[in-house]
Amino acid sequence: MRNCKLTPCVLVALLLVGVLHLEAAMATDFTYGEALDKSLMFFEAQRSGKLPSDQRVKWRGDSGLTDGLAQGVNLVGGYYDAGDHVKFGLPMAFTVTMLSWGAIEFRKEITDLAQMGQTLWAIRWGTDYFMKAHPQPNVLWGQVGDGDSDHYCWERPEDMTTPRTAYKIDENHPGSDLAGETAAALASAAIAFQPYNSSYSALLLVHAKQLFTFADRFRGLYDESIGSAKNFYTSSGYSDELLWAAAWLYQATNEEYYLKYVVDNAVYMGGTGWAVKEFSWDNKYAGVQILLSKVLLEGKGGAYTSTLKQYQAKADYFGCACLQKNEGYNVHKTPGGLLYVREWNNLQYVTSASFLLAVYSEYLSAANAKLTCREGQIQPQELLNFAKSQADYILGKNPKSMSYIVGFGSKYPVHVHHRGASIPAVSVLQSLVGCVQGFETWYHRPEANPNVIYGALVGGPDQNDNFSDDRSSYEETEPTLSGSGPLIGLFSKLQSTPIKFIHSISNTWSIGKMTYYRHKVILKNTSQKPVTDVKLMIENLQGPLWGLSPTTEKNTYELLQWQKVLQPASECTFVYIQGGPQAKISILSYH
């Protein structure tokens, strides 16, 4: 049945029950490349230090140029954490690790989008700072600025009057979590830079190895050494960061010492014991488990295979919990389908989980393996499909029809909880804006922010999908570094997916009180290569369908025999009819 046309008898029946109305097509895919580009701009808005001549965010200026001066160390540079002006080392390092992992895993995709230069620049703005903050093997400066005093002020970074006190960890004041995460950031960045700047990559690796040794030899929680961090980024432990750093150093060096470390310490440090439902700046276990699963899936486990299988079992637990296929032990979701982990800035947990699922999908697909859940075997494509659903929610496919990335789409937050964005640029308002004046004149101002902070991922909606675009609602409107870090890799992967959907309602009619819809779905191959063996999952289908062949698997369909190969730029169309909401359509697999 070419072109999936309705049979004459069905068409006549439709004409008899009412007039057919044509409705506009609704694209179910977003321009992820645009979202990626804007996300990279957010990192430019968060820069501290002397800004480069090619700075794209023009409302920002130089700031923090004396950071570290009172302590006799150069700590100029790095990133401001969120809507404030503190440079918190732990979430900044996690962000750089996520940026680097994206550049490693999705190198081709980012390169094809002509964004590798910007991505490496975003990474380097962090790694240059980390190396300056690591002047001696067992010393790491982990914070600049004080959260309490900073939060009493509402002023531009260019006007800062708050104390720029710097805090460090050393042999007598350890911080294994902070040093371990920074080691992971530098090791992963070393891999990302290796094809482009091998000498810089080697330098990063020197610092990464030293920091890991420091973290392992002098153990302790960083927020017990840097007390001012405790109210903002409290650490739940450091064992996961030690395993995380070792896993990344193994990837960067291929030295057996680091693989042996994660195996020997698997039980003691919880790597094979903790089954988690969160991946974040504080909890790295899921990341460790998936990164080590890669070693196993690539057939490089050797004598360590048994322990690596235990790591993979916990990696599967995380994936299954996100996909709601863990027999009840799942990550909570909002009614609109968003993962919901914590009240404050929930979207940072969504982006990190989604990125991790996209990466794990890659690893499983490359090994022709499946995800093992309590409810059965799952195709790796389903992990990517779920990650896409979360990205789509963020970009506007949600109950509020709002993009939670500032500047993306037609509706997005305009009262972002961000000091620099909420006060006019120095070039516009040249007089200094003080602490109190900032609150009185700009923080409580009902109008939209004068500066659009493109690419900022705000905290996002609550557990019921409600969102308040209010500058004072920092839980929902404040952006963070750690929320945006995973998006570069995630968006690049989604932009590269070869099959795009265009879903439209072409006709509608009523029979009594029931309204029926004729849904037209176009599948288009947007890649430069043929796509074969496409399998689709169609759930909640209530009526007839034309243009696909059902398979023996439940809710699974494939292209018609004469359309087994979808050539570049070619399309396939299928149609279904039903009342009520549209069916849920996703790609199950393809080659």
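The model shown is predicted, which means the values in this text are computed figures rather than measured ones. Each residue takes its place number in the sequence, starting with 1.
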Expected list for residues 33-45: side-chain donor-acceptor pairs under 3.5 angstrom, two or more places apart:
from, atom 1, to, atom 2, distance (Å)
Glu34, OE1, Thr31, OG1, 3.1
Glu34, OE2, Lys38, NZ, 3.0
Asp37, OD1, Arg56, NH1, 3.2
Asp37, OD1, Gln115, NE2, 3.0
Ser39, OG, Ala35, O, 2.8
Glu44, OE1, Arg56, N, 2.7
Glu44, OE2, Arg56, NE, 2.8
Glu44, OE2, Arg56, NH2, 3.1

Parallel, tilted or perpendicular: ring planes of Phe214 versus Phe218, cut at 30 and 60 degrees: tilted

For Asp84, all residues meeting salt bridge (Lys or Arg N to Asp or Glu O under 4.0 Å), sequence neighbours excluded: none

Set of residues satisfying ring-ring contact (aromatic ring centres under 6.0 Å, His included) with respect to Phe232, sequence neighbours excluded: Phe88, His151

OH/Tyr196: more than 12 non-hydrogen atoms of other groups inside 6.0 Å: yes

Contact list for residues 286-325, test ring pair (Phe, Tyr, Trp, His ring centres under 6.0 Å), sequence neighbours left out: none

Geometric class of the Trp121/Trp125 ring pair [parallel <30°, tilted 30-60°, perpendicular >60°]: perpendicular

Disulfide (SG to SG under 2.5 Å) partners of Cys322, counting only residues at least two apart: none

Axial cation check for Tyr79 ring with Arg47, 6.0 Å and 45° limits: no

Salt-bridge criterion met for Glu553 and Lys535 (N-O under 4.0 Å): yes

Listed partners of Ala215 passing side chain to side chain contact (heavy atoms under 4.5 Å, CB included), at least two apart: Ser176, Ala179, Leu242

Approximate separation, where rounding is to 0.5 Å, of Gln348 CD and Asn345 CG: 4.5 Å

Ring centre gap for Tyr258 and Phe212 strictly below 6.0 Å: yes

Heavy-atom side-chain contact between Leu338 and Gln390 under 4.5 Å: yes

